[in-house]
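Since the structure is predicted, the reported quantities are computational estimates derived from the model, not experimental observations. Heads up: numbering here begins at 1 and tracks the sequence.
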Amino acid sequence: MKAGAVWETTNVSKAIELIVAGYVKVRDRRALVDLLAHRRKVLAQPQAVSGINPQNAVKAIQEELALIEAGLVEIKPPPGSLPENEWS
């Protein structure tokens, strides 16, 4: 992923930055998809807890999701190089 593509403008944790950058470097789409699914599941958890304001946690997770999605875009093969159903 290009340095600063997403994370210069967000407060994404350094750990997620490094994980996504590593997966992009080795073009590990499956790992990025799994990480995206996990963070989406985590996003539902703070919203389900009563008695707290989950706003900060939700914002942080949404920023992480954007970073992961940007990583997937970065490694997406050029149009026509793979059938769409093999990438989706």
* Structure fact -> Distance col, row L43:CG vs I61:CD1, nearest 0.5 angstrom, shows 5.5 Å

* Asked: Do V24 and L32 come within less than 4.5 Å of each other through their side chains, counting heavy atoms only?
  -> yes

* How many angstroms lie between NZ in K59 and CD in E64, if you round to the nearest 0.5 Å? -> 12.5 Å

* For D28, check side-chain contact (heavy atoms from CB on, under 4.5 Å) against everything at least two apart and list the hits. => Y23, V26, R30, A31

* Structure fact -> From the list L67, L65, D34, side-chain contact (heavy atoms from CB on, under 4.5 Å) with R39 holds only for L65

* Structure fact -> Applying side-chain hydrogen bond (donor to acceptor under 3.5 Å, both in side chains) to R27 and not counting sequence neighbours gives none

* Could you tell me whether E69 and R40 have a side-chain N and a carboxylate O separated by less than 4.0 Å? => yes

* At what distance, to the nearest 0.5 angstrom, does CD1 of I19 lie from CD1 of I68? -> 8.5 Å

* Under the salt bridge (Lys or Arg N to Asp or Glu O under 4.0 Å) test, which residues partner K41, sequence neighbours left out? -> none

